[in-house]
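Order of the sequence lines fixes the chain letters, A, B, ..., with proteins taken first and strands second; residue numbering starts at 1 for each chain. In this text the structure is predicted, and so the values were computed from the model without any measurement.
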Amino acid sequence: AFTYCILIHGLCQCQRIDEAYQLLDEMIQKDCHPDAAVYNCLIAGLCKMGKIDAARNVLKMMLERSCVPDVITYTSLIVGCCQTNALDEARKLMEKMKESGLTPDTVAYNALLNGLCKQNRLEEVSKLLEEMVEAGREPDTFSYNTVVACLCESGKYEEAGKILEKMIEKKCGPDVVTYNSLMDGFCKVSKMDEAERLLEDMVGRRCAPTVITYTTLIGGFSRADRLADAYRVMEDMFKAGISPDLVTYNCLLDGLCKAGKLEEAHELLEVMVEKDCAPDVVTYSILVNGLCKLGKVDDARLLLDMMLERGCQPNLVTFNTMIDGFCKAGKVDEGHKVLELMKEVSCTPDVVTYSTLIDGYCKANRMQDAFAILGISPDKASYSSMLEGLCSTGKVEEAQEIMDLMTKQGCPPT
RNA sequence: CUGUUCGUAUGGCCAGCC
């Protein structure tokens, strides 16, 4: 049974869920009763992939076989709910856990805390922190790190600083994750000097930087179009004995593409391959975007085909990028064809997809076609692209009709 | 043997900066 658990866990880590299911079946057939840990592995794997319904099914299966869910089971499910923004569900699970006589531990609370943070529900965050204290589950370094990351994300640096003080006071870090979050906060607002100063602080405090630390900085410099600095940090990283990973390369690649340095981008790609860092869907999307923005839409389209050939499935972002590329190049029909293609490969379009196309049609003065898209997806993003399109071409009456329509469709203008 | 925190790609609008 141990062996199975290890195997299932391994399979779930590399998203090979089907094989994990097969193993579970095998266990049951061999009369080798799977325990909670085995089910938990599968549930956690599914939850991480956002397949919460499948995870719930495993829970059912578990109950049918009279295997009792534990705190870990619930925590994994909470994570799953949070990932799909189903916070009410997550809260319900927390209650259910308590009802069934289990006491949530700090990890369970942290999972919910993270969900609240991701949605920026700051009042609820502080409430939950209080609840933790009341329940005798003092927030730990994970809890504080979660909150710090959240505060940095929403630009509340003073508050993040306060948490930092509290952490020091409670001897709960700060650790490398705390620093990385703070650093990312500075990078996102282009305060690169402050971000770099944090790196010095870390080293001074004997808090060893990780690949994430360096990648955060490299990403910041790339975004700020400071490629020389990005390369400099990369050098420092090598000197510190840390190897770049796929994300690091993708950050740099994006910087190169956005700066129009396609030659260098291709060179970097070769380096990646040499270093056994196989390009992933993000790498390709970066390249597609780069090609599109430099007016090489047809090359981008070829790259998309190449992905399919190489078995690297383009995702929502790749397709959206491609559609925008065609629209901006004045080839809206080609863009629409990509929409059809994504449906063929069962990639579900989102609000970005539709608003991109609506914008494309409007800018091409093809209002009927734009309306047709709006008909498929009458959401806020689509409406605002449509309104923008109508207003910028002086069709104010039509715009007002749209506003009425929005109210009727239960999507009132804001 | 299993669960929690940090880094990468896409549209429009608005704000800010030059």
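Residue T215(A) is classed as a base contact, given a heavy-atom separation below 4.0 Å to a base. Counting any heavy atom pair closer than 4.0 Å across all strands shown, D70(A) reaches no nucleic acid atom. Using a 4.0 Å heavy-atom distance criterion, V79(A) is classed as a sugar-phosphate-only contact. Residue contacts shown for T213(A) are absent, as no nucleic acid heavy atom lies under 4.0 Å away. Note on S355(A): a base of the nucleic acid sits closer than 4.0 angstrom, heavy atoms only. Base engagement by T75(A) is indicated by at least one non-hydrogen atom pair under 4.0 Å involving a base atom. Across all strands, S285(A) comes closer than 4.0 Å to base atoms (heavy-atom distances). Base contact: N315(A) has a heavy atom under 4.0 Å from a base atom. Nucleic acid contact for D105(A): base, since at least one base atom lies under 4.0 Å from a heavy atom of the residue.
Ion pairing between a basic and an acidic side chain is recognised when a charged N comes within 4.0 Å of a carboxylate O; R121(A) and E124(A) show such pairing. We find that K328(A) and D324(A) are joined by a salt bridge, their nearest charged nitrogen and carboxylate oxygen being less than 4.0 Å apart. K258(A) has a carboxylate O that lies under 4.0 Å from a charged side-chain N of D254(A), or vice versa, which qualifies the two as a salt bridge. One finds a salt bridge joining E89(A) and R56(A) here, because a Lys/Arg side-chain nitrogen approaches an Asp/Glu carboxylate oxygen to under 4.0 Å.
Taking side-chain N and O atoms only, K48(A) has no distance below 4.0 Å to OP1 or OP2 of rU2(B).
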